[in-house]
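Reviewing the structure listed below.
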Amino acid sequence: MENSIEKKEFNYGLALLRALMCFEVVLCHFWNSDGSRFLMPFSMLRGLAVPVFMFLSFFLTEHTFLEYNKTKAKKRIWRVIYPQIGWAIIYWLGYTIGQFIIKDIGVRFSDLWWQMFTGHSPRLNASMWFQTVLIVLTGVYILIFKFFDAKKGILITYAMMFAAFVIQYSGINFKLFDSLRFELKYPLGRFFEMIPYATIGFSCAYYNVFEKAKEKRLFFIILFGLASIFLLKHSFINSASGFGYSNNNCLLLGFFVIGFAYLIPFEKLSQSVKDVFKFLTKYTLGIYCMHRIVAEFLKILLTKIGINIDSFILCIITYIIAFFVSFLMCKIPTKLSRELVD
């Protein structure tokens with residue numbers, strides 16, 4: 001989600017993909033799919049959003065782990081922890097103030113602590129479980145490549161992925177966490193479901209997979225595109241019992257979709273068009289983090305004034321408002337505000 005390209009050349013295809021997947025996240029939570037054939041592609045892609053984000057989080061920051069530096073490590077940890085804490089406070093304050101006007105919100109102080117530490121309070125912003133898992137996995141990767149060289153380190157990540165599959169398909173993951181309370185069940189259960197996406201993303205960056213594919217660019221664009229369409233309809237890898245992301249067919253699908261986006265030659269467009277793309281695909285972190293509170297208050301407002309709109313349109317409006325708020329937050333002359341959204 002976060003803008004983490006740093007040393008890597010800006011890739012417009014990946015930027016567009018991040019923006020699309022961010023919109024898919026909004027659809028996951030607020031769109032009542034009506035079976036429209038025109039909107040079917042959006043429905044089919046909803047389950048891919050989180051896998052793509054986890055893949056890209058480690059694909060785009062691979063050099064941060066390999067080139068271990070204490071200052072860089074601290075900076076990276078801060079970049080993933082700060083939005084977790086900052087948005088937990090914003091949501092809690094927003095809903096706490098809101099409940100004086102809207103009596104049935106029922107936010108408690110304990111919700112703030114659950115939100116900070118698990119990212120999964122049902123009354124605040126349950127979407128931030130992703131950030132919780134990302135924080136832990138980031139810490140694990142930093143420690144791996146601090147104490148081991150690149151070759152040993154990547155072998156350890158493969159061992160982690162293998163262990164994650166064993167834990168998923170043996171049913172251990174589901175049995176361990178299914179009986180826990182809501183705030184714990186999903187962040188803990190999805191930790192093992194996210195490990196393979198982090199591993200594959202990191203490996204693709206380490207071995208320069210997509211850059212090497214540029215040597216036969218047209219061939220791989222066609223191959224990745226066709227494979228993506230095929231895998232959207234057909235599954236090669238059976239799902240394990242889990243918590244929403246044990247559909248490991250998305251490992252293959254995510255790889256091909258990301259590869260397709262990476263290889264599309266958007267860099268050949270005019271600079272003015274690329275500048276527009278770059279601007280419109282910003283703030284995915286901010287949109288992801290704030291979309292729930294924006295949509296919830298928007299629904300309340302529209303209900304109060306007697307307006308009933310289609311849920312897909314609601315998601316579009318939510319995305320636009322969250323983008324605009326993120327833009328304004330970046331204009332506030334403080335790094336603390338900017339790092340919440342960009």
Side-chain angles (χ1 to χ4, degrees), residues 1 21 25 28 46-59 61-62 65 77 80-81 84 114 117-122 126-148 150-207 209 231 234-258:
M1 293 175 294
M21 290 299 121
V25 170
C28 284
R46 283 189 292 184
L48 191 60
V50 165
V52 165
F53 277 132
M54 188 58 72
F55 183 112
L56 289 179
S57 292
F58 286 84
F59 177 81
T61 57
E62 165 255 0
F65 302 113
I77 288 292
V80 292
I81 288 179
Q84 178 85 333
W114 283 117
F117 291 111
T118 71
H120 207 248
S121 166
S127 304
M128 294 299 278
W129 69 264
F130 178 93
Q131 199 73 7
T132 304
V133 173
L134 180 60
I135 290 166
V136 176
L137 278 175
T138 297
V140 169
Y141 266 68
I142 286 173
L143 290 175
I144 289 172
F145 291 98
K146 176 182 179 180
F147 294 109
F148 298 94
K151 289 183 179 179
K152 290 179 181 176
I154 202 161
L155 285 175
I156 292 171
T157 67
Y158 292 151
M160 286 170 53
M161 181 170 68
F162 178 75
F165 283 137
V166 170
I167 291 170
Q168 286 184 60
Y169 285 95
S170 65
I172 293 172
N173 191 47
F174 189 76
K175 290 175 183 176
L176 275 176
F177 304 119
D178 185 54
S179 60
L180 298 180
R181 62 183 294 159
F182 180 85
E183 291 89 345
L184 291 170
K185 179 192 322 191
Y186 293 97
L188 291 174
R190 288 170 178 170
F191 175 78
F192 291 102
E193 295 175 355
M194 289 294 106
I195 286 175
Y197 296 102
T199 303
I200 299 299
F202 183 87
S203 296
C204 285
Y206 180 76
Y207 292 110
V209 172
L231 288 168
H234 304 282
S235 179
F236 278 95
I237 304 175
N238 292 331
S239 299
S241 297
F243 301 92
Y245 295 100
S246 57
N247 177 11
N248 290 298
N249 197 63
C250 284
L251 279 169
L252 290 175
L253 177 58
F255 171 82
F256 287 119
V257 168
I258 290 166

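In this chain, residues are counted from 1 in sequence order. Computed from a prediction, not measured in an experiment: that's the story for all the values here.
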Got [X] and [Y] here, is their nearest side-chain heavy-atom distance under 4.5 Å?
X	Y	value
Gln84	Ile135	yes
Val50	Met194	yes
Phe58	Phe65	yes

Please table the atom pairs, donor to acceptor, closer than 3.5 Å between any side-chain atom in residues 136-145 and protein atoms at least two apart or in another chain.
unit_1, atom_1, unit_2, atom_2, d
Thr138, OG1, Leu134, O, 2.6

Just distance, no hydrogens or angles: give the donor-acceptor pairs under 3.5 Å from side chains in residues 153-172, sequence neighbours left out.
unit_1, atom_1, unit_2, atom_2, d
Thr157, OG1, Ile154, O, 2.6
Tyr158, OH, Ser203, OG, 3.1
Gln168, OE1, Asn248, ND2, 3.3
Gln168, NE2, Phe192, O, 3.2
Tyr169, OH, Asn238, O, 2.4
Tyr169, OH, Asn248, ND2, 3.0
Ser170, OG, Val166, O, 2.7
Ser170, OG, Ile167, O, 3.4
Ser170, OG, Ile172, N, 3.3

Closest non-hydrogen atom pair between [X] and [Y], with its separation:
X	Y	value
His120	Pro187	CB-CG, 3.7 Å
Ala49	Val25	CB-CG2, 3.7 Å
Glu193	Gly242	OE2-CA, 3.2 Å
Gly47	Tyr245	O-CE2, 4.1 Å
Pro122	Glu183	CD-OE2, 3.6 Å
Leu251	Ile200	CD2-CG1, 4.0 Å

For the pair Asn247 (side chain) and Ser239 (backbone), establish whether a donor and an acceptor sit closer than 3.5 Å, ignoring hydrogens and angles.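 No; zero donor-acceptor contacts below 3.5 Å.
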Of all residues at least two apart in sequence or in a different chain, which pass the side chain to side chain contact (heavy atoms under 4.5 Å, CB included) check with Lys175?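 Lys175 satisfies side chain to side chain contact (heavy atoms under 4.5 Å, CB included) with no residue once adjacent residues are dropped.
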Residue list, side chain to side chain contact (heavy atoms under 4.5 Å, CB included) with Cys28, at least two apart or on another chain: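 Cys28: side chain to side chain contact (heavy atoms under 4.5 Å, CB included) contacts with Arg46.
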For Tyr197, which residues count as a ring-ring contact (aromatic ring centres under 6.0 Å, His included) partner, sequence neighbours excluded?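 Once residues adjacent in sequence are excluded, Tyr197 has no partner under the ring-ring contact (aromatic ring centres under 6.0 Å, His included) criterion.
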Can you name the residues that form a ring-ring contact (aromatic ring centres under 6.0 Å, His included) with Phe174, not counting sequence neighbours?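 ring-ring contact (aromatic ring centres under 6.0 Å, His included) list for Phe174, sorted by chain: Phe243.
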